[in-house]
Amino acid sequence: MTTSQIALWGLVVGFIITLIMVTGFAYTTLFERKLLARLQVRFGPNRVGYIPIPSRKGKERKLLGGFMQPAADAVKLFMKEDMTPAKVDRVVYFIAPMMAVFTAIAILAVIPWAGKLPGLPAQYEYFAIAPGINVGVLYVLAITSLGVYGIVLAGWASNNKYAVLGGIRATAQMISYELAMGLTILVPIMLADSMDMGQIVAGQKGMWYIFLQPIAAIVFWIVIMAELQRAPFDMSEAEQELSAGFSVEYGSMRFGMFFMAEYMKMIIFSAIFAVFFLGGYRGPFVDQFPVLGLVYTTLKIIFGLFLMIWIRASLPRLRYDQLMAFGWKRLLPISVINFIVVGVAIVLVEEGVFDSLIRSIQQAIPFLG
Amino acid sequence: MGNPIVFLILAGVAIVAAIMMVTSRNAVYSALWLVLNFSAIAIFYLLLNAPFIAMVQITVYAGAIMVLFLFVIMLLGAEQLRGVTAAIGGERWQQVLAVFSGLLLLGTMGILVFQGMGDGGDTAVTINSSPAALGVRLFEVYTFPFELTGILLLAAMIGVAIFSFKKKKKEES
């Protein structure tokens, strides 16, 4: 393929995946509201849109109550008056939500969604917007680190003390947790011997990295939650202290864009966690039927979202100093030590120190081979 | 060097961003223009077939360092130049020195550009700049400078720790 064909492929596939992501974002909000409600013994949104089915025993029955709720929310957000508070810094005020959404969408480029689908261009090993990028993981880190700007600029441009404080809190938190994130991401890189997302998935054939490296997986999951500002790490949106934090001066769809960025990042980081530790698109029979890869990716993403919402419903928030202490004094040392241990272990395995041990384990559990 | 049109557009963006960064009255705007400049330079690295450097450029400079700059600006509330405009011009000898060193830099650059013309234009294409190759070079050929840089950074870190702990002790006593 020529350069222009590669670019065209990226544009078309990227456009389609972005559209799917936007729909996915809408339904993630519904999923979260429904699940949270169920975990708190409520019903959640169940009025807007349903499929009527024949009544039985004189009782009216409805199927999928509330499945149009995201559409109703979107209409509401778009119909609201889009007002700009006085004395905000207009340019930055407009740019900040765009930065937030841009960074959320840009990460999509390197995520592998499925294996070698039929109809895929011959030199592509797996299905992604931009497959085969040998610095894919670094790209994720780079775009994530740019994601801070949306929040910090929103806080600053709003000309509101609470917003600035919320923005600065969120930024400090994200920067602190990015260190542990970088160190834990190194573990799958070392195990797969590549920074290409597809190679990392391919390296997990037969053995997901979460089983090889449970510590790294758990630390990475915690860091993701902190990076996304999800409860119990939702320091930037403390109603008691900061009202709504950095987004307090934003209304209508401009607020919606922050919302969108947050939920899209939830989906994307679930996908990234799946790629690094849950075998990405791999699963039973995926080599025979590559289309199954899409199903496995979707299932793993839904599992990740479920976990995030479950944690949100179960755990109380941390205090801010506890949050910082946890990031710097617990997660960072754990990930440094883990990183060193993994590095040494990989070298020892390559030197053949554990050969007899591995052979005996393989004999004991034949399906691991 | 990739597509010349892409190069020209990027060069324009980088130069405009750099000029705006210096001339902006608002420090936050300056920081943002610098982020744009860094991003443009990262894409230059991509055009030069150096994806690793490009990503590191974005992560470290555009992502980490500039966020810290913004942080400091916002915490100090130093967005606007208030009452210091007169001092910004500096002393007369500073102005002369600045112009002189600027010309010197420009001259050196010009000589290098004209010397380099006609040879080595395509070397970037032939260099294997994958992360693996880069790592091997860094840890096998340039081990000593690499370790030295590490020690330098460590010294800076220890310095910061010493300063902040001293302050804390004073506050307690």
Side-chain angles (χ1 to χ4, degrees), chain A residues 3-4 7 89 91-93 95-96 99 102-103 106 110 130 132-159 161 163-172 174-176 178-179 181-182 185 189-190 193-196 199 246, chain B residues 2-3 5-6 20 24-36 38-39 41-43 45-47 49-80 128-136 139 157 161:
Chain A
T3 318
S4 54
D89 189 316
V91 180
V92 181
Y93 183 82
I95 289 175
M99 276 297 280
F102 158 75
T103 50
V110 291
I133 291 187
N134 63 0
V135 289
V137 179
L138 280 178
Y139 176 84
V140 171
L141 277 179
I143 301 293
T144 316
S145 69
L146 286 184
V148 178
Y149 283 110
I151 289 170
V152 76
L153 290 180
W156 177 78
S158 299
N159 192 27
K161 293 274 188 296
V164 175
L165 282 175
I168 286 181
R169 262 193 186 190
T171 316
M174 284 163 95
I175 293 175
S176 309
E178 248 165 42
L179 293 170
M181 183 176 180
I185 282 184
I189 291 176
M190 286 193 297
D193 216 2
S194 172
M195 282 202 267
D196 182 350
Q199 294 290 320
F246 63 89
Chain B
N3 193 330
I5 300 170
V6 177
M20 290 303 287
S24 282
R25 286 315 227 174
N26 189 324
V28 171
Y29 278 31
S30 283
L32 289 180
W33 283 113
L34 196 54
V35 171
L36 184 62
F38 283 155
S39 312
I41 288 172
I43 303 176
Y45 288 136
L46 277 184
L47 288 179
N49 277 340
F52 182 81
I53 311 278
M55 291 304 138
V56 170
Q57 167 86 8
I58 292 183
T59 317
V60 175
Y61 286 94
I65 292 182
M66 286 321 293
V67 167
L68 281 183
F69 275 26
L70 271 180
F71 229 68
V72 173
I73 294 169
M74 285 176 191
L75 280 178
L76 294 181
E79 294 97 334
Q80 298 293 340
N128 179 5
S129 56
S130 72
L134 201 95
V136 167
F139 285 104
M157 217 160 80

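All figures in this text were calculated on a predicted structure; none of them were measured in a lab. Each chain gets a letter, A, B and so on, in the order its sequence line appears, and its residues count up from 1. Computed from heavy atoms alone, side chains included, the values below leave out hydrogens, waters and symmetry copies.
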(request) List the atom of A:Ala142, the atom of B:Met55, and the distance in Å for their closest heavy-atom pair. (result) CB-O, 3.9 Å

(request) Without swapping roles, check the side chain of A:Tyr149 against the backbone of B:Leu32 for a donor-acceptor pair under 3.5 Å. (result) no

(request) Decide yes or no for A:Tyr139 and B:Ile58: does some side-chain heavy atom of the first lie under 4.5 Å from some side-chain heavy atom of the second? (result) no

(request) Among A:Val148, A:Leu141, A:Ile95, A:Leu146, single out the residue with the greatest number of heavy-atom pairs under 4.5 Å to chain B. (result) A:Leu146

(message) Minimum heavy-atom separation for A:Ser145 and B:Gly63, please, with both atom names.
(response) OG-CA, 3.6 Å

(message) With heavy-atom distances below 4.5 Å as the criterion, would you say the side chains of B:Pro51 and A:Asn134 are in contact?
(response) yes

(request) Scan A:Val137, A:Leu138, A:Val135, A:Asp196 and name whichever one has a side chain to side chain contact (heavy atoms under 4.5 Å, CB included) with B:Pro131. (result) A:Val135

(request) Examine whether an atom of A:Asp193 lies under 4.5 Å from a heavy atom of chain B, and if so say whether it belongs to the side chain, the backbone or both; otherwise answer neither. (result) neither

(request) Under 4.5 Å heavy-atom distance to chain B, tell me which part of A:Val152 shows up: side chain, backbone, both or neither. (result) both

(message) Measuring only between side-chain heavy atoms, which start at C-beta, is A:Trp156 closer than 4.5 Å to B:Leu70?
(response) no

(message) So A:Asp89 and B:Val28, do their side chains get closer than 4.5 Å, heavy atoms only?
(response) no

(request) Please flag which part of B:Val60 lies under 4.5 Å from any non-hydrogen atom of chain A: side chain, backbone, both or neither. (result) neither

(message) Check this for me: B:Phe71, atom CZ, are more than 12 non-hydrogen atoms of other residues, nucleotides or ligands nearer than 6.0 Å?
(response) yes

(message) Less than 4.5 Å to any heavy atom of chain B: does that hold for the side chain of A:Ile175, its backbone, both, or neither?
(response) side chain

(request) Would you indicate whether the side-chain heavy atoms of A:Val91 and B:Tyr29 approach each other to under 4.5 Å? (result) yes

